[in-house]
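In what follows, a structure is listed as structure tokens, so that the remarks can point back to it.
The figures here come from the full heavy-atom set of this structure, side chains too, leaving out hydrogens, waters and symmetry mates. When a ligand or atom number is given, it counts from 1 through the structure's own listing order. The first residue in the sequence is number 1, and the count goes up from there.
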Amino acid sequence: MTFSNLRLISPLTEALSKLGYKQPTPIQNQAIPYILEGKDIFGCAQTGTGKTAAFALPILQLLEERKEYERVPVTKVLVLAPTRELAQQINESFSAYGVNLNFKHTTIFGGVSQHSQTQAVRRGVDILVATPGRLLDLIDQKIIKLDTIEYFILDEADRMLDMGFIHDIQKIIRLLPQRRQTAFFSATVSPEVMKLANTLLNKPVSVNVVPTASPTATVDQMVYYVNKENKRSLLRHVLNDSRIENALVFTRTKRGADVVVKELNRNGITASAIHGNKSQPARERALSEFKKRNIRVLVATDIASRGIDIERISHVINFEIPEVAETYIHRIGRTARAGATGTALSFCSNEERTYLKDINKLIRKNIEVVSTHPFA
Ligand code: AMP
């Protein structure tokens, strides 16, 4: 299957070949034709499957086919995302895929001054990518109205619910026109997710992709038994290995993330933290420095890391074992993306052994134990 088989127009296929996309991913193969036909979509897919392009490409095409060129664009598309980082990534995807088209788009998210965001909105945009809180703020201030929205995309619905956005989302939905096309994406399906989907979608088509290979099969995994107080020394020790090009380190708490970063910096290892207490510019700076490989280690809490798409992470390090076993799979899935190889190291203290047992049960194997280290 090629993108032209999916009947995407040449301004889009040309942009895709410049990006080096050779063929559509399964979610793109499934979703694009339905969205082009005007159908509502219930998509079950995780980050990393190409789901952004699965909705952004057909939406851009539907806009282009209308050939309505307004002097001041009217906002026809609303994409809601749970985190600022994800909203920005989606906005960047619209830039990349729409490079040969002439649509205006912007992101609206909290944590930064609203001035530049409202300026962009006032100049007029076709596509608005937003997190729920700031969007509602700007609606309250009468800067944004949703009554011209014709295409609505709710991304990572499960995370929105986890993060407590349900009331915000319900408020937003009530402001949307009844006549619209909706696409709903969620990595997991729960009764709450289904309930929300049912209030939003009209005769939806379900598209479903299971990740091509589970990260538990493609990522080399090892566990180090170590006392809590020796974990920082162990981290320094493993990072002495120059084969670790870069590492995403997970800590349970924001404070823990800061402590680890300080310790690494003190020892000449470049590191930054991203978590909810950091200002938005600081998070962006950390992320972009990590992507540019100017810093070697990014330390994150689970919430802060959600939805962040960083290509080529060689190592994921669980400085603390997650209490929920599924979180382990989400974490290690950050490495070995798209066929690359990756390694996940987990530091397990005595207190965490029960969590590790749960993980071994979930992935149906015992993670290999590294016993030859100075802090065993
Ligand atoms: P997403 O699941 O939307 O976050 O996308 C994950 C990553 O896959 C992003 O870095 C995209 O740029 C990339 N991607 C999406 N679709 C394709 C494709 N058809 N071929 C190659 N890479 C893709």
Discussion item. Quick test of your reading: applying side chain to side chain donor-acceptor pair (under 3.5 Å), list the pairs with at least one residue in residues 170-182, sequence neighbours left out, ordered by first then second residue.
Written reply: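 Qualifying pairs: Arg180-Thr182.
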Worksheet item: Looking only at N/O atoms, are Thr52 and ligand 1 under 3.5 Å apart anywhere?
Response: yes
Worksheet item: Considering distance alone, does some N or O of Gly50 sit under 3.5 Å from an N or O of ligand 1?
Response: yes
Worksheet item: Quick one: which ligand 1 atoms are inside 4.0 Å of a heavy atom on Gln23?
Response: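 Contacts of ligand 1 toward Gln23, numbered from 1: 18 (C), 19 (N), 20 (N).
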Worksheet item: Does the side chain of Asp258 reach to within under 4.5 Å of the side chain of His275, using non-hydrogen atoms?
Response: yes
Worksheet entry | Residues that Arg353 engages under salt bridge (Lys or Arg N to Asp or Glu O under 4.0 Å), provided they are two or more places apart | none
Item to complete: Measure the CG-CG distance between Leu175 and Asp147 for me, rounded to the nearest 0.5 Å.
Response: 9.0 Å
Fill in: Which segment of Gln28 sits under 4.0 Å of ligand 1 when only heavy atoms are counted
side chain
Practice prompt. Pick one of side chain, backbone, both or neither for how Phe3 approaches ligand 1, counting any non-hydrogen atom pair under 4.0 Å.
Written response: side chain
Fill in: Option whose closest heavy atom lies nearest to atom 20 (N) of ligand 1, chosen from Phe55, Tyr21, Tyr97, Phe185
Tyr21
Discussion item. Students often mix this up, so state it plainly: with edges at 30° and 60°, are the rings of Phe375 and His237 parallel, tilted or perpendicular?
Written reply: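 Perpendicular, since the angle between the ring planes exceeds 60°.
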